[in-house]
Amino acid sequence: MSDSGVVNIHGKEYKTVALRVSEFREKHPDWSIKTKILSSADIVQIRASILDPNGRVVSTGLAEEVRGSTNINKTSALENAETSAVGRCLAFFGLGGSYIASADEVADAQKQQAELEIVERLKVHNAAVRDHIESVVAI
């Protein structure tokens, strides 16, 4: 991640949720961000809301994570979902740059895709070894 809070991924600039929260706090010091756990079982669901000084909800964002689906979700699915929900809420509020997804969400999605590709390659490799084990042992 960049120190500036902006990350370039495949030629597109994405803001981190941390940068979005900082911008929000700077521009709206009397406003608040609230989160609510909708589910914390195997599927974690969080709703984030931005409230104006009168307590009126002006933006919301939802996020869902599956416990254990990635390395981070093995220990921190709730925190991961909360960060994503806050990022989406801020983006819908107008603090997201050009994209709703944050740099964190895009990076996580890319990492998960890379992990799936590795698993698929291992399946092909294991099948080839299984199909030709006698030749492998002979060599």
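In what follows, residues are counted from 1 in the order of the sequence shown.
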Q: Output the distance between atom CG (Leu95) and atom CD1 (Ile50), rounded to the nearest 0.5 Å.
A: 7.0 Å

Q: Could you measure the distance from the CD atom of Glu65 to the CG atom of Leu78? Nearest 0.5 Å is fine.
A: 10.0 Å

Q: If you look at every heavy atom in Ala63 and Ser84, which pair is closest and at what distance?
A: CB-CB, 3.6 Å

Q: Tell me the closest heavy-atom pair linking Ala81 and Ile46, and the distance in Å.
A: CB-CG1, 3.7 Å

Q: If I take atom CG from residue Asn73 and atom CG from residue Asp42, how far apart are they, to the nearest 0.5 angstrom?
A: 12.0 Å

Q: Taking distance alone, no hydrogens or angles, what donor-acceptor pairs closer than 3.5 Å link side-chain atoms of residues 55-62 to residues at least two apart or in another chain?
A:
| from | atom 1 | to | atom 2 | distance (Å) |
| --- | --- | --- | --- | --- |
| Arg56 | NE | Asp52 | OD2 | 3.1 |
| Ser59 | OG | Cys89 | O | 2.8 |
| Ser59 | OG | Phe93 | N | 3.4 |

Q: Looking at CD of Glu23 and NE2 of His28, how far apart are the two atoms once the value is rounded to the nearest 0.5 Å?
A: 10.0 Å

Q: Any donor-acceptor pair under 3.5 Å linking the side chain of Arg67 with the backbone of Ala41?
A: yes

Q: With sequence neighbours left out, write down each residue that passes side chain to side chain donor-acceptor pair (under 3.5 Å) with Ser49, or none if nothing qualifies.
A: none

Q: To the closest 0.5 Å, what do you measure between CD (Glu82) and CD1 (Ile37)?
A: 7.5 Å

Q: Taking all heavy atoms of Val17 and all of Gly87, pick out the closest pair and write down the distance.
A: CG2-CA, 3.8 Å

Q: Honestly curious: do Val44 and Leu38 fall in one hydrophobic cluster under the side-chain, below-4.5 Å linking rule?
A: no

Q: Does one hydrophobic cluster hold both Leu90 and Trp31, with members joined at side-chain heavy-atom distances below 4.5 Å?
A: yes

Q: Considering non-hydrogen atoms only, spot the tightest contact between Arg20 and Arg88 and give its length.
A: NH1-N, 4.5 Å

Q: Nearest 0.5 Å please: distance from the CG atom of Asn80 over to the OG1 atom of Thr75.
A: 9.5 Å

